[in-house]
Trainee: 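Here it is, the structure in full.
The sequence lines fix the lettering, A, B, ..., with proteins before strands; numbering per chain opens at 1.
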Amino acid sequence: MVTEATDTVAATRSRIQIQGAAKSFSGRTVVDIDDLTLGEYPVEGLIGPNGAGKTTLMRMIMHSTKLDRGTVTLVRPDGDDRGDVVLSELPTYAMAGLGVVKTNQVIMDFEKLTMWDSMLLSVAKPKQELPFKIFAEAPLFAEHEEEMRHYLDFFSLTDPADQAGSAGEKKLLDIVRCLLLKPSFLLLDEPTAGLPDDLTEKVMEAIRLLAASGTSVVVVEHDLNVIWNLSDQVHFMAEGSVILQGTPEEIRRHETVVEKYLGEGHVGG
Amino acid sequence: MSTDWLSSALVFGLFEVVMYIGMGFLLHMQLGLAGIGNFGVVGFWGLGMYAYGIIYGGHAPSGTDLIIDIPWPFGDPWQAIASVILATLVAGLGGLLIGWIISGMDLDGQLVGTFGFAAIVFLLARSQKGLTGSEGGIGGLDFPYDIGSEKANAMLWLLVASAIVIAIGYYTWRVHRSPYGRLLIATGQNEPLARSLGKPSNLTKLWMFTVTSAGMGLLGAMFAVIVHFLTPLKLGVDVTLAVIVALILGGAARVWGPVIGVLLTVGLFEIVVQLYAPFPDSWYRQAMPVVKQIIYGMSLIVVLMYRPLGILGDMRRDKLMRSIHGD
Ligand SMILES: Nc1ncnc2c1ncn2[C@@H]1O[C@H](COP(=O)(O)OP(=O)(O)OP(=O)(O)O)[C@@H](O)[C@H]1O
Ligand SMILES: [Mg+2]
């Protein structure tokens, strides 16, 4: 039924198709998805209670968690003749090259690397990182200085020659690293968690701009205001499966379901 | 220019200092940048050393040939140069094999795996009489040239080794200032994050480990030439200890760490104490090696317990980035 929808909507973006995919930890099924396509709309929200399996599903897409069974496939937009790619057969490090990128729910950083380092690491291509390319730093910096400074300004990050200090800076740097990879399919796992309102706005703006430029974005968020504001389509996940799909308005109409899982007062937002 | 003040013993001591600095640079890339633990430094170094002896055509002290006896179509210095290159490749293959085995292991696993490798190299050197001459050793390894005296020959070899180590040091210094160095550091500090940014972390580490192991083998082969005579006794754990202690004392994450650390350890022992301290002769033969091992061993325990940052302190990417890219 999902595939039918794919046929009727003109596909101008990369999509990810998840089929028969399951994952359990110590005998407990955490994700069990029969057939799900992500990326048919510019921005899709993925919501659900704690422990629903949202992060695990995203990690399965990135193949940083091994699937027990099933496949994850990257489906290219119409007119892109590079062909579909079965992501679940590839190593994690191959994803970025294919344009599939994910930010982290838990704060992640390189202990001793500065913000310049993080950004330059993102933009460096394999051939610029070869062991004998010992003079490649200056040209790499010159090539990407403008876009790096653009994102620093955009998120009001200062002192890029220093490490990201606060949790908020680290969270933003994580997003910047992903944006610099120029993803065609971006998964954001709670990108605004812990951020003050002004930066939450900035992150939402970045997501809108990215989606407008043709990237498929999937956002996991507990802050439903963000979801209702941003998403063209919402997937509601509970106990490892997607139990509801629809526009934000349609999802909000299923008040009983949403409140059962997320508690009262969430729907009104 | 008179070189009388330079005794043969001093030349040998300086050679050791230079060689250990080179090993320190290589271990710095493995441990200080990519975060790979190597307790088997002597294994890769010794593999290069023995491979050189065997390939060059050394023989048992009795004069009997070893099993492998390459009919070299050309003589020295080319025979020695070709042998050094081949020995380097052999050590690189060892690095590839061990690197592949330990890839995906945590630091403890890496330490045990590399330590085991060094033990195997030692056992092979001791037990394979036909191949390595076992306890009898391999002799017949002289300088590939003769410019007058033993001392002059050794000095020239010291110069060659110094040039190689300076090149290794310069490369290390450049690596810190290149995207490759950043890739190594990122891989060492957060492998899952590096992978998610598209970096093939295992391949990166494996290739680096292979090349740096080959470098250790190169220095081992150079050492084989200056000592002339190889025995399993030279493959003691003290070589590994010296490199690790020196590197960590100087600062494992800093380019100049190995230089400072080696000068303060190997330099102090092999040159200052060995040549200039007024201890009685019997001391040097009996007590000194034991004292040295005890001090290295105890330093290692301290290192493992407290993981100190060394004299030069921790990595300072902020200073480096400021100096090369401005604020
Ligand atoms: N590596 C793991 N080992 C064991 N259990 C795990 C592992 N990863 C996740 N789980 C379990 O799987 C379930 C789903 O976790 P997941 O992180 O995917 O939920 P989530 O929907 O992202 O929740 P949240 O909204 O709290 O982030 C949880 O019960 C969690 O404890
Ligand atoms: Mg989660």
Trainee: Check whether A:L140 gets within reach of chain B through its side chain, its backbone, both or neither, counting any heavy atom under 4.5 Å.
Mentor: side chain

Trainee: What residue, out of A:D162, A:D117, A:T158, has the most heavy-atom pairs lying under 4.5 Å from chain B?
Mentor: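 Looking at each of A:D162, A:D117, A:T158 in turn, A:D117 comes out on top.
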
Trainee: If you count heavy-atom pairs within less than 4.5 Å of chain B, which of A:Q163, A:M115, A:K112 leads?
Mentor: A:K112

Trainee: Could you tell me whether the side chains of A:T192 and A:E221 share a donor-acceptor contact shorter than 3.5 Å?
Mentor: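 Yes, A:E221 and A:T192 have a side-chain donor paired with an acceptor closer than 3.5 Å.
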
Trainee: Report which part of A:M108 has an atom under 4.5 Å of a heavy atom belonging to chain B: side chain, backbone, both, or neither.
Mentor: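 For A:M108, heavy atoms of backbone and side chain both lie under 4.5 Å from chain B.
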
Trainee: Select one option (side chain, backbone, both, neither) describing which atoms of A:L130 are under 4.5 Å from chain B's heavy atoms.
Mentor: backbone

Trainee: Answer yes or no: is there a side-chain heavy-atom contact under 4.5 Å between B:F117 and B:I101?
Mentor: no

Trainee: Indicate yes or no: does A:E129 engage A:K133 in a salt bridge with an N to O separation below 4.0 Å.
Mentor: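 Answer for the salt bridge query: no.
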
Trainee: Let me know if B:D314 has heavy atoms under 4.5 Å from chain A in its side chain, its backbone, both or neither.
Mentor: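 It is the side chain, since no backbone atom gets that close.
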
Trainee: Measuring from A:F154:CZ to A:L152:CG, what's the distance to the nearest 0.5 Å?
Mentor: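 Between atom CZ of A:F154 and atom CG of A:L152 there are 12.5 Å.
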
Trainee: Pick one of side chain, backbone, both or neither for A:P91, based on which atoms fall under 4.5 Å of a heavy atom in chain B.
Mentor: neither

Trainee: Looking only at side-chain N and O atoms, does A:R59 offer a donor or acceptor that is under 3.5 Å from a partner on A:T65?
Mentor: yes

Trainee: Picking from A:L180, A:D109, A:N104, A:V101, which has the most non-hydrogen pairs under 4.5 angstrom with chain B?
Mentor: A:D109

Trainee: Any Lys/Arg nitrogen of A:E137 or B:R182 sitting under 4.0 Å from an Asp/Glu carboxylate oxygen of the other?
Mentor: yes

Trainee: Does the side chain of A:V220 come within less than 4.5 Å of A:L187's, by heavy atoms?
Mentor: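 Answer no - side chains too far apart.
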
Trainee: Using a strict cut-off of less than 4.0 Å between a Lys/Arg side-chain nitrogen and an Asp/Glu carboxylate oxygen, indicate whether A:K171 and A:E190 qualify as a salt bridge.
Mentor: no

Trainee: For B:R177, is it the side chain, the backbone, both, or neither that has a heavy atom closer than 4.5 Å to a heavy atom of chain A?
Mentor: backbone

Trainee: State plainly whether the residues A:E44 and A:R15 are in salt-bridge range, i.e. N to O under 4.0 Å.
Mentor: no

Trainee: What part of B:A194 gets closer than 4.5 Å to chain A, counting heavy atoms only: side chain, backbone, both or neither?
Mentor: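 Both backbone and side chain of B:A194 come within 4.5 Å of chain A.
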
Trainee: Relative to chain B, which of A:V100, A:T92, A:L98 shows the most heavy atom pairs under 4.5 Å?
Mentor: A:T92

Trainee: With respect to chain A, which residue among B:L193, B:L197, B:D318 yields the maximal number of heavy-atom pairs within a distance under 4.5 Å?
Mentor: B:L193

Trainee: For A:A136, is it the side chain, the backbone, both or neither that has a heavy atom under 4.5 Å from a heavy atom of chain B?
Mentor: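 For A:A136, heavy atoms of backbone and side chain both lie under 4.5 Å from chain B.
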
Trainee: If you tally heavy-atom pairs under 4.5 Å against chain A, which of B:P200, B:S196, B:P192, B:G188 wins?
Mentor: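 Heavy-atom pair counts peak at B:P200.
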
Trainee: Given side chains that start at C-beta, do those of B:K199 and A:Y93 come closer than 4.5 Å, heavy atoms only?
Mentor: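 Not in contact.
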
Trainee: So for B:I324, is it side chain, backbone, both, or neither that comes closer than 4.5 Å to the heavy atoms of chain A?
Mentor: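 The side chain, not the backbone.
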
